[in-house]
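The chains referred to below are lettered A, B, ... by the order of the sequence lines, with proteins before strands, and numbering in each begins at 1.
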2 protein chains.
Amino acid sequence: MVTMQQVADRAGVSISTVSFVVNDTKPVTAETRERIQRAIDELGYRRNALARALASRRSHVIAMIHPIIDRNHYGFVEAAAGAAAAAGYNLVLWPVHSDDEAREITSLTTTGAAGGVLLLEVRYDDARVRALQEANSPFVLIGRTGELEGMDFVDIDFESTVAHAIDLLAGEGHRCIGLVVEDFSATALASYAPPLRVADIFRAEMSRRDLHGEVFTVPRVLDPDAPSGTPGAGIVAQLAATAPETTALVVMHATASFAIVHELRARGLVIPRDMSVVGIAVESAVTSLVDPPVTTFETPSREMGRLATEVLIARMAGAEPGRVHRLIDCEVRPGASVAPAPHGRRRLDAG
Amino acid sequence: MVTMQQVADRAGVSISTVSFVVNDTKPVTAETRERIQRAIDELGYRRNALARALASRRSHVIAMIHPIIDRNHYGFVEAAAGAAAAAGYNLVLWPVHSDDEAREITSLTTTGAAGGVLLLEVRYDDARVRALQEANSPFVLIGRTGELEGMDFVDIDFESTVAHAIDLLAGEGHRCIGLVVEDFSATALASYAPPLRVADIFRAEMSRRDLHGEVFTVPRVLDPDAPSGTPGAGIVAQLAATAPETTALVVMHATASFAIVHELRARGLVIPRDMSVVGIAVESAVTSLVDPPVTTFETPSREMGRLATEVLIARMAGAEPGRVHRLIDCEVRPGASVAPAPHGRRRLDAG
DNA sequence: TTGAAAGCGTTACCAT
DNA sequence: ATGGTAACGCTTTCAA
């Protein structure tokens, strides 16, 4: 391995000067700079990230904390890793499950292992956030807590997304719309914010429009080795029992859409003729596989991951602009799952 | 931040002794050890990973190199992160695209940024592998190159998986079976090994059994922002044109199964009555969403990720056992996509 | 504009 | 069994 000292020797300058050139931290004569650059090239010097972090008390490592690692996080992870790499930072995956989370996290930045933190699966009330604030370490939420003061976050604009989804369906004449969300209450993520938030928004938006809406939940199974069964199985039966006049569904659950189509078909109902379906905050890469493809308001996961990372890097670099509270819209990807409301032709209770 | 020196002061010993206790590297009197431990607890000391790595010239960071980040890698990533965390190591995601790959990788371990490397998406002939060997840095392949000497790898046992899939179908009377694999030739991963390997094995196994088999390919689109279209669209038409007597398909492509079912249905054919389908080396979490659920030989991605990481950690810790060449079977997850071969009732060419 | 030198928090060797 | 101390490779004052 080539050290800075070796470069300095070869260029006939002091190690400090090399450092100035490498980091572009102080002015250096064009001539000297060139001499040093040549030495660097000839020797194939690469600065040692560890030593740099230790000496500067500034790590270029970003820790991404994810209690549950989930296929749905892929976009975030990928985008974050890309944005980090582009800025010369590195992304470390930090699986934290224990209830000891907070302490774990604190020591993470405190020991220099990571210079900043990206937090996933944020809960309404999140001990990890408090820990990060106390430790005074730079962090950005992908998602948000109830309290928003004094922190940066990037989240989905659920308000606008839900409103758009409802408008889309109401525009087709649907008056009775169901919402399907995941229920995390049996898991460690009991207060995981998105489904709760979306259910509230949905109820509010529906009543504001004088429409009738019911909320259905799909229990979340966390054990990755559990026989997956079909998430969302039974939803249609539940629907028939509770709100048979429902003609459209807003589904915040990628795989449940498959079960819904399947169960409707078993009852002789067809999407979108007898039931319209709209996916929200899911990946269209998945929902487009449903037959028919589900019209989807897609999670802007890549944009969120990139943005969050860029904000975090700015903070890690010491920038102190105002807090970033960024909400991003889900863009719609048209499918073939939305049609005008049926006129009493076929209904759920007839099945 | 609490340093080792502070602990030493508080315990009234030298910093060396604290180090011995913290790392359990030399015998220390029970009494002293306890005194030190108390100081550690009281002060909330956590050793600084950076300093440790710098001084010991041994990083506990594992870099996972992934040219293309793909949903299918999720199992690997998750399992690797978990196994690493369990051993006190950390997993860094290292997106490497450039053709400068090799150099990038070398400097990675050379500068101490990472102590070991996990390589994904391995090609038959992989420059990165050579770079790692030359740099003399510990690495483990998830996948394998053509040449296997002098390296560790964990890969799918394609031989046995393909044989099992064929046996399953042949056992139901199918004599003419198609294979669907992804074609990476238009991408940077042109020599990506698995599809090539599987196609070879398939042909060999089929002719060994005196069965008739044809290989079909689905072109791979790498641009993540490309309108995904439906991967695998057109396969059925191709099938009808080339090998209409086909009654079963072995599909090494999770999402193509959806297109296949869809296109068959459009021709009035039904799975599994008119065509049996078996998935191999894919995730059943995805293929089970097909209607009907596809019988799937599932990629043991979690096991592969865990194993590879454990082997790598052993190497990083200096263990020098024999090379690990581990092939893991894909376990079958029964679906409802396999039935006895139809007796000339409905065939593809009739569609 | 450049250089000297004191750290950064550990580890590891050599003494004791 | 414990301590002293020189690295590890770099950054960052402070001086020149």
Side-chain angles (χ1 to χ4, degrees), chain A residues 1-37 39-40 43-61 88 107-115 317-318, chain B residues 1-37 39-40 43-61 88 107-115 317-318:
Chain A
M1 130 165 265
V2 183
T3 71
M4 222 173 219
Q5 186 60 63
Q6 293 172 18
V7 173
D9 291 350
R10 175 150 195 146
V13 296
S14 86
I15 186 176
S16 326
T17 313
V18 177
S19 175
F20 301 151
V21 167
V22 168
N23 300 301
D24 201 25
T25 137
K26 279 200 181 179
V28 168
T29 329
E31 193 221 338
T32 327
R33 148 170 276 117
E34 197 192 324
R35 203 142 33 92
I36 293 177
Q37 190 55 57
I40 288 178
L43 261 32
Y45 168 76
R46 317 275 303 188
R47 83 175 149 219
N48 183 309
L50 253 42
R52 180 158 109 111
L54 184 60
S56 67
R57 273 153 296 252
R58 178 166 286 175
S59 160
H60 283 200
V61 168
S107 72
L108 201 161
T109 49
T110 241
T111 63
Chain B
M1 128 163 266
V2 184
T3 71
M4 221 172 221
Q5 186 60 64
Q6 293 173 22
V7 173
D9 291 349
R10 174 150 195 146
V13 296
S14 87
I15 187 176
S16 320
T17 313
V18 177
S19 176
F20 299 154
V21 168
V22 168
N23 299 301
D24 201 25
T25 136
K26 278 200 182 179
V28 169
T29 329
E31 192 220 338
T32 331
R33 149 171 274 115
E34 198 191 323
R35 202 142 33 92
I36 293 176
Q37 190 54 56
I40 288 178
L43 262 31
Y45 167 78
R46 317 273 304 188
R47 83 173 151 223
N48 184 309
L50 254 42
R52 180 158 110 112
L54 184 59
S56 66
R57 271 155 298 256
R58 176 165 288 175
S59 160
H60 283 198
V61 169
S107 73
L108 201 162
T109 48
T110 241
T111 63

Who are the side-chain hydrogen bond (donor to acceptor under 3.5 Å, both in side chains) partners of Thr111(B), not counting sequence neighbours?
none

Mind checking side-chain hydrogen bond (donor to acceptor under 3.5 Å, both in side chains) for Ser56(B) and listing every partner two or more places apart, or none if nothing turns up?
none

Could you tell me which non-hydrogen atom of Val2(A) sits nearest to which non-hydrogen atom of Tyr45(A), and how far apart they are?
O-CD1, 3.3 Å

Mind listing the residues from residues 2-10 of chain A sitting with a heavy atom below 4.0 Å of DNA chain D? Number order is fine.
Thr3(A), Met4(A)

What are the 5'-most and 3'-most nucleotides of DNA chain C lying under 4.0 Å from any heavy atom of chain A?
dT1(C) to dG9(C)

Which atom pair, heavy atoms only, marks the closest approach of Thr25(A) to Ser19(A)?
CG2-O, 3.8 Å

For dC8(D), take OP1 and OP2 only and decide whether either is under 4.0 Å from a side-chain N or O of Asn48(A).
no

Residues passing the side-chain contact (heavy atoms from CB on, under 4.5 Å) test with Ala49(A), sequence neighbours excluded, are none

Expressed in angstrom and rounded to an integer, what is the separation of Asn23(A) atom CG from dC10(D) atom C1'?
9 Å

Tell me the salt bridge (Lys or Arg N to Asp or Glu O under 4.0 Å) pairs involving residues 8-27 of chain A, sequence neighbours left out?
Arg10(A)-Glu42(A), Asp24(A)-Arg33(A)

Please identify each residue that fulfils side-chain contact (heavy atoms from CB on, under 4.5 Å) with Val61(B), with sequence neighbours left out.
Ser59(B), Val92(B), Ala114(B)

Of all residues at least two apart in sequence or in a different chain, which pass the side-chain hydrogen bond (donor to acceptor under 3.5 Å, both in side chains) check with Thr110(A)?
none

Please work out if Arg47(A) contacts a base, only the sugar-phosphate, or nothing of the nucleic acid, heavy-atom cut-off 4.0 Å.
sugar-phosphate

State which residues pass side-chain contact (heavy atoms from CB on, under 4.5 Å) with Ala55(B); sequence neighbours excluded, sorted by chain then number.
none

Measure from CZ on Arg57(B) to P on dA6(D) and round the result to the nearest Å.
16 Å

Note down the inter-axis angle between the two ends of the helix from dT1(C)-dA16(D) to dT16(C)-dA1(D), five pairs each, to the nearest 10°.
40°

Which pairs, protein N/O on one side and nucleotides 2-4 of chain D N/O on the other, fall under 3.5 Å?
residue : atom : partner  : partner atom : Å
dT2(D)  : OP1  : Thr29(B) : OG1          : 2.6
dT2(D)  : OP1  : Thr32(B) : OG1          : 2.5
dT2(D)  : OP2  : Thr29(B) : N            : 2.8
dT2(D)  : OP2  : Thr29(B) : OG1          : 3.0
dG3(D)  : OP2  : Ser14(B) : N            : 2.8
dG3(D)  : OP2  : Thr17(B) : OG1          : 2.5
dG4(D)  : N7   : Ser16(B) : OG           : 3.0
dG4(D)  : O6   : Ser16(B) : OG           : 2.8

Donor-acceptor pair, Ser14(B) side chain versus Ser16(B) backbone, under 3.5 Å?
yes

On a heavy-atom basis, the closest approach of Ala53(A) and Leu50(B) is CB-CD2, 3.3 Å

Quickly, which of Val22(A), Ile36(A), Val7(A) forms a side chain to side chain contact (heavy atoms under 4.5 Å, CB included) with Thr17(A)? Name it, please.
Ile36(A)

Listed partners of Arg35(B) passing side-chain hydrogen bond (donor to acceptor under 3.5 Å, both in side chains), at least two apart
none

